[in-house]
Amino acid sequence: MSENSQFGFGAATGVGSMPGGDAREAAKTVTGSFEDFPFLAELPARGPGADMIGRTAGMLVDLYARVEPSGWRFGDRPGRDTRRARSWLGEDLDALEEFTQGYEGPLKVQAVGPWTLAAALEMRNGEAALSDPGACRDLAGSLAEGVRLHLEEVRRRVPGARPVLQLDEPSLTAVLRGQVKTASGYRTHRAVDRQVVEATLREVVAVHADGPVVVHSCAPDVPFALLRRAGAAAVSFDFSLLTERDDEAIGEAVEGGTRLFAGIVPGTDGPLSDPAGSVMGVRTLWRRLGLRPGLLAETVTLTPTCGLAGASPDYARRALAHCVRAARSLADNPE
């Protein structure tokens, strides 16, 4: 396998979620689509515990959560929902292990980042953990340990893999801006200080000291500079949401060696343009920033804009294949 960058990322991969509920089918599709950069698929259609928040809640160490009508809430002990989340994760790892026999190269696994988790998990009073700085600290520590154990398990099952950790942080911008709603829905939680946000992210990122960490957000206004300072080796985002306001941050990121995971293929069913057309915007951005065209293939990994849980199985397969062809187009013709 060729090293596409100093971190050895592949040229294309998926974001995380896939449609349906068959772990073997998902693993077969993912490993068949991305021979150079597969990922551990998430299948939220199976229900609570297979969703993004529930899956990561099941990874926590010494903290437990259960499903309430309003969402996931901390509980005193591991209950049925925790066991279900862990069981499904085990099933997904079994399937991935089966289809990655002898694989050597980067392998991406995903977990929800500390701030999106704090915005989603409720304390006993029904308010988000985000409202309590102590709860946020405890959650980050528990998450860091849970992610460390998860990465160990992945290395044990796929010994030739170089794990790449993706932290999903779609709520990060809302946390920074004080836009996360309280339980009543009438107010919002106070904005969290940027230095606290950065330090907490750094704590979780540091768990994967011997491999790269990608932070993913499919929301507008991704805080590129903050993520880089927190130690992210790559930032994953929906390319269609970029504006020229992001130019400077992206230029600095590229020059600083940060890899860009550019989401260029819609996450739900729709027409797909030709692969070269899909990356026209990426080439245009490069020209606008005055960056060397040869840097493109070294710096950019192509993905769908977000997870594919809401897509049909046929579209999901075509979207993943489209990312691979678009990456080839970018490498063959960076101009």
Side-chain angles (χ1 to χ4, degrees), residues 1-15 33-39 105-108 162 164 166 211-229 231-267 270-306 318-335:
M1 200 206 94
S2 63
E3 292 272 315
N4 287 87
S5 77
Q6 58 178 319
F7 301 111
F9 292 123
T13 191
V15 171
S33 301
F34 301 117
E35 293 174 8
D36 284 347
F37 197 3
F39 64 96
L107 170 64
K108 185 164 72 66
R162 296 194 305 274
V164 173
Q166 176 178 303
V213 177
V214 185
V215 179
H216 167 74
S217 172
C218 44
D221 299 320
V222 176
F224 286 92
L226 183 151
L227 296 177
R228 287 174 54 223
R229 288 196 303 271
V235 181
S236 169
F237 55 95
D238 179 344
F239 189 83
S240 70
L241 297 178
L242 288 186
T243 68
E244 293 197 16
R245 285 201 315 272
D246 297 305
D247 279 9
E248 189 179 340
I250 287 181
E252 285 174 1
V254 171
E255 284 167 0
T258 304
R259 193 167 181 93
L260 306 178
F261 279 45
I264 54 142
V265 179
L272 292 170
S273 69
D274 67 296
S278 295
V279 289
M280 200 183 302
V282 181
R283 289 195 183 97
T284 303
L285 170 69
W286 233 242
R287 281 196 294 273
R288 205 165 67 224
L289 295 177
L291 294 167
R292 192 165 51 79
L295 263 181
L296 262 176
E298 294 170 30
T299 307
V300 177
T301 292
L302 297 180
T303 70
T305 54
C306 210
R318 287 189 293 117
L320 299 185
H322 191 89
C323 290
V324 173
R325 286 199 298 273
R328 203 167 296 134
S329 160
L330 210 52
D332 292 347
N333 181 19
E335 303 284 356

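What's counted below: heavy atoms across the whole structure, side chains too, no hydrogens, waters or symmetry copies. The chain is numbered in sequence order, starting from 1.
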Do you know the tightest heavy-atom contact between [X] and [Y]?
| X | Y | answer |
| --- | --- | --- |
| Val282 | Leu296 | CG1-CD2, 3.6 Å |
| Ala262 | Val300 | CB-CG1, 4.1 Å |
| Val265 | Cys323 | CG2-SG, 3.7 Å |
| Val164 | Pro106 | CG2-CB, 4.1 Å |
| Gly256 | Arg228 | CA-NH2, 4.0 Å |
| Ala327 | Ala11 | CB-O, 3.6 Å |

Just wondering, do [Y] and [X] contact through their side chains at under 4.5 Å, heavy atoms?
| X | Y | answer |
| --- | --- | --- |
| Val254 | Leu289 | no |
| His322 | Leu302 | no |
| Arg162 | Pro212 | no |
| Val235 | Val215 | no |
| Pro304 | Leu320 | yes |
| Asp274 | Arg325 | no |

Just how far is it from atom [atom1] of [X] to atom [atom2] of [Y], taken to the nearest 0.5 Å?
| X | Y | atom1 | atom2 | value |
| --- | --- | --- | --- | --- |
| Cys306 | Leu241 | SG | CG | 9.5 Å |
| Thr303 | Lys108 | OG1 | NZ | 8.0 Å |
| Glu244 | Leu285 | CD | CG | 9.5 Å |

Exercise for the section: Test Asp221 against Arg245 for side-chain contact (heavy atoms from CB on, under 4.5 Å), laying out the working first. Expected result: CA-CA 9 Å; Asp221 299 320; Arg245 285 201 315 272; 3.0 Å; yes
Practice task
Going by the side chain to side chain contact (heavy atoms under 4.5 Å, CB included) test, name the single residue among Thr301, Thr299, Asp36 that passes it with Phe9.
Solution key: Thr301
Exercise for the section: Please assess Leu291 against Glu255 for the test side-chain contact (heavy atoms from CB on, under 4.5 Å), listing each intermediate value before the final yes or no. Expected result: CA-CA 9 Å; Leu291 294 167; Glu255 284 167 0; 4.1 Å; yes
Handout entry: Counterpart residues, salt bridge (Lys or Arg N to Asp or Glu O under 4.0 Å), relative to Asp246 (two or more places apart)
Key = none
Exercise for the section: For Arg288, check salt bridge (Lys or Arg N to Asp or Glu O under 4.0 Å) against everything at least two apart and list the hits. Expected result: Asp247
Practice task
Count the heavy atoms of every other residue, nucleotide or ligand shown that sit under 6.0 Å from CZ of Arg287, and state whether that count exceeds 12.
Solution key: yes
Handout entry: Main-chain N/O of Ser236 paired with Arg259 side-chain donor or acceptor, under 3.5 Å
Key = no
Exercise for the section: Say whether, by atom type as modelled, one donor and one acceptor occur between the side chain of Arg283 and the main chain of Asn333 under 3.5 angstrom. Expected result: yes
Completion exercise
Quick note, ring-ring contact (aromatic ring centres under 6.0 Å, His included) partners involving residues 231-258, not counting sequence neighbours, are Phe224-Phe237
Exercise for the section: Classify the angle between the aromatic ring planes of Phe261 and Phe37 as parallel (below 30°), tilted (30 to 60°) or perpendicular (above 60°). Expected result: perpendicular
